[in-house]
Amino acid sequence: MKMKKSLVALCLSAGLLASVPATSFAAINIVPQDTSAAPSIPASALQQLRWTPVDQNKAHTSNVAAEGQPLQAGDISGPVVAYSVPANIGELTLSLTSKVDKESVFAPNVLVLDQNLAPAAYFPASFFSYAEPGVMADNRLEGTMKLTPALGQQKLYLLVFTTHKDLQQKTQMVDPAKAYAKGNGNAIPDIPDPVATHGTTGTLELKVKTSSGSSILVGPLFGSSGPAPVTVGNTAAMATTYAAPAPMPATTAPAPAPVAKSEPVLNDTESYFNHAIKQAVDKGEIDKALKLLNEAERLGSTSARKTFISSVKGKG
C-alpha cells in the first residue's frame with residue numbers, strides 16, 4: 001500500500017488562482033485534495049448521524065461493529081464511524097489506526113467535512129499504509145492527516161468507512177516472529193507471512209493533537225460565506241472547490257449565519273489595501289497578503305482580488 005503522504009497547504013480562497021497559467025508554478029509540488037472520488041452523501045443523511053467528540057491529546061478507540069452506524073451512499077459498505085474534533089485549537093494532526101484482528105482488518109477511508117458538513121478533503125484506503133508489529137503495537141493500517149481549520153470553524157467532522165472495492169483487497173503482513181527477529185538483529189526465520197482480509201468490522205483508534213507545518217485547509221477562508229477551498233501546495237497552489245450545500249437545520253452541526261455583504265469601499269481605502277497587498281506579495285508574505293485581501297473584500301473592495309492574483313503571477 002502507498003506510504004504516508006506529506007501534504008503542504010496554503011490558504012487560498014476558492015478559485016483564487018483559476019486564471020494563473022499552469023506553467024507559472026511548474027516547479028512547485030502541488031497535491032490537491034480532490035473530494036470528487038469520495039462517495040456522494042446527501043446532507044440530510046450526514047445530519048442524522050451521531051458524531052462522537054474526540055478531544056485534543058486523547059486517544060479514542062472505536063469498535064466498528066458496536067459503534068458503527070448504517071449509511072447507504074455510493075460504494076460505502078457496512079457501518080460507518082463518525083467523529084467530531086475541535087477546530088478552534090490551531091492546526092491539527094489526526095492519527096488514525098486500524099488494528100488487525102485474527103487476520104482481518106477494516107480498511108478505512110476518511111472524508112473530512114467542515115462545520116457545515118461540506119466535503120473538504122478525502123483520504124482513501126490507499127492512504128493508510130501497513131505497519132509491522134512491534135513491542136507495543138500489533139499489525140495495523142495507519143495514516144496521519146494534517147488539517148488547518150479556517151478561522152471561524154468550531155468543529156470538523158470525520159466520516160470513516162470502507163467500500164465494496166476495499167473489501168476485494170487484502171493486506172500482506174509480516175509474521176510477528178519475523179518482526180521480532182529483525183528488531184533484535186537475529187536471523188529471520190523462513191516462515192510464510194500472513195495475509196489480512198478486509199472486512200466491515202474492526203477496531204479504530206483516533207488521536208488528535210495540535211501541530212505545525214504542512215497541512216490541508218478545511219472550511220471557508222477567514223470566515224467567508226462563499227464556497228470553501230481545499231488547496232494543497234507550498235508557496236502557491238491551484239484551488240479545488242466544491243459547492244457547499246445550503247444550511248439546513250441540524251442538531252449535531254448547526255450552520256453559522258451568512259456574512260452580510262458590505263457596502264463598496266472608498267477609493268482611498270481600496271488603494272491602501274491594494275498597495276499593502278502588493279508589498280506583502282513582493283516580500284513573500286503570502287499569509288499577510290491573504291489577510292489583507294480578506295479584510296479588503298469584507299469592506300467591499302472589488303479590486304483587491306485582481307491585485308493579489310496579478311501580484312502572485314508576477315512572482316511566478
Side-chain angles (χ1 to χ4, degrees), residues 1-7 31-46 48-52 61-83 94-114 117-132 138-147 156-174 193-206 216 218 230 232 240-243 245:
M1 302 186 79
K2 294 182 180 179
M3 298 297 290
K4 298 177 185 175
K5 301 171 178 62
S6 176
L7 303 175
V31 188
Q33 278 297 301
D34 185 5
T35 60
S36 63
S40 178
I41 306 172
S44 57
L46 292 170
Q48 292 174 5
L49 294 174
R50 301 183 307 275
W51 299 90
T52 301
T61 301
S62 300
N63 183 306
V64 178
E67 299 182 35
Q69 304 172 65
L71 178 62
Q72 301 296 324
D75 196 37
I76 293 177
S77 180
V80 303
V81 180
Y83 299 108
L94 309 177
S95 300
L96 182 67
T97 299
S98 180
K99 301 179 181 179
V100 176
D101 182 23
K102 297 179 181 179
E103 298 187 1
S104 176
V105 66
F106 184 90
N109 297 250
V110 176
L111 180 61
V112 181
L113 306 119
D114 68 12
L117 293 180
Y122 178 51
F123 299 86
S126 58
F127 179 85
F128 299 89
S129 57
Y130 167 71
E132 295 183 8
D138 296 324
N139 285 298
R140 62 205 182 276
L141 300 176
E142 62 181 19
T144 299
M145 300 160 282
K146 291 191 174 183
L147 307 174
L156 299 185
Y157 298 92
L158 309 179
L159 185 66
V160 185
F161 56 88
T162 197
T163 69
H164 293 288
K165 180 181 177 181
D166 298 324
L167 295 179
Q168 308 305 314
Q169 308 296 318
K170 296 181 179 180
T171 294
Q172 180 70 54
M173 301 186 294
V174 174
D193 288 320
V195 175
T197 59
H198 293 181
T200 57
T201 61
T203 301
L204 302 173
E205 182 180 83
L206 178 65
I216 294 172
V218 177
V230 179
V232 184
T240 299
T241 66
Y242 63 87

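This is a predicted model, so every value here is computed, not measured.
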- Item | Step-by-step side chain to side chain contact (heavy atoms under 4.5 Å, CB included) determination, Lys99 to Val105 | CA-CA 6 Å; Lys99 301 179 181 179; Val105 66; over 6 Å; no

- For Thr197 and Val195, run side chain to side chain contact (heavy atoms under 4.5 Å, CB included): C-alpha distance rounded to whole Å, both residues' side-chain angles, the deciding distance at 0.1 Å, then the answer. CA-CA 7 Å; Thr197 59; Val195 175; 5.7 Å; no

- Query: Is there a side chain to side chain contact (heavy atoms under 4.5 Å, CB included) between Ile41 and Leu159 once you walk through the steps?
  - Reply: CA-CA 11 Å; Ile41 306 172; Leu159 185 66; 3.4 Å; yes

- Just do the side chain to side chain contact (heavy atoms under 4.5 Å, CB included) check on Met145 and Phe128 with the steps written out, would you? CA-CA 10 Å; Met145 300 160 282; Phe128 299 89; 4.3 Å; yes

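A donor-acceptor pair under 3.5 Å links the side-chain atoms of Tyr130 to the main chain of Val174, judged by distance alone. With hydrogens and angles ignored, the 3.5 Å screen pairs a side-chain donor or acceptor of Arg140 with a backbone N or O of Glu132. Of the possible donor and acceptor atoms, one in the side chain of Thr163 sits under 3.5 Å from a partner among the backbone N and O of Asp166. In this structure, Thr171 contributes its side chain and Ala196 its backbone to no donor-acceptor pair below 3.5 Å.
Minimum heavy-atom separation, Thr162 to Gly199: CG2-O, 4.0 Å. Looking at every heavy atom in both residues, Lys170 comes nearest to His198 through C-NE2, 3.6 Å. Looking at every heavy atom in both residues, Leu113 comes nearest to Pro119 through CD2-N, 3.9 Å. The two residues Pro108 and Val160 have their closest heavy-atom pair at CB-CG1, 3.9 Å. Across all their heavy atoms, Phe161 and Leu111 have their closest contact at CE2-CB, 4.1 Å. Scanning both residues, Pro79 and Val64, for their nearest heavy atoms gives CG-CG1, 3.7 Å.
With rounding to the nearest 0.5 angstrom, the CG atom of Leu204 is 11.5 Å from the CG atom of Leu158. In this structure, the separation between NZ on Lys146 and OG on Ser95 is 9.5 Å, given to the nearest 0.5 Å. One finds the CG atom of Asn109 at 4.0 Å from the OH atom of Tyr122 (value rounded to the nearest 0.5 Å).
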For residues 67-78, which side-chain donor-acceptor pairs fall under 3.5 Å, sequence neighbours excluded?
from  : atom 1 : to     : atom 2 : distance (Å)
Glu67 : OE1    : Ser62  : OG     : 3.4
Gln69 : OE1    : Arg50  : N      : 2.9
Gln69 : NE2    : Arg50  : O      : 2.8
Asp75 : OD2    : His164 : N      : 3.4
Asp75 : OD2    : Lys165 : N      : 3.2

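Taking the side chain as every heavy atom from C-beta outward, Asp138 and Val100 never approach each other to under 4.5 Å.
By the side-chain hydrogen bond (donor to acceptor under 3.5 Å, both in side chains) test, Ser40 is found to be paired with no residue, residues two or more places apart in sequence or in another chain being considered. The salt bridge (Lys or Arg N to Asp or Glu O under 4.0 Å) search around Glu205 returns Lys207, not counting sequence neighbours.
Taking the six-membered ring for Trp and thresholds of 30 and 60 degrees, Tyr157 and Trp51 have ring planes more than 60 degrees apart, a perpendicular arrangement.
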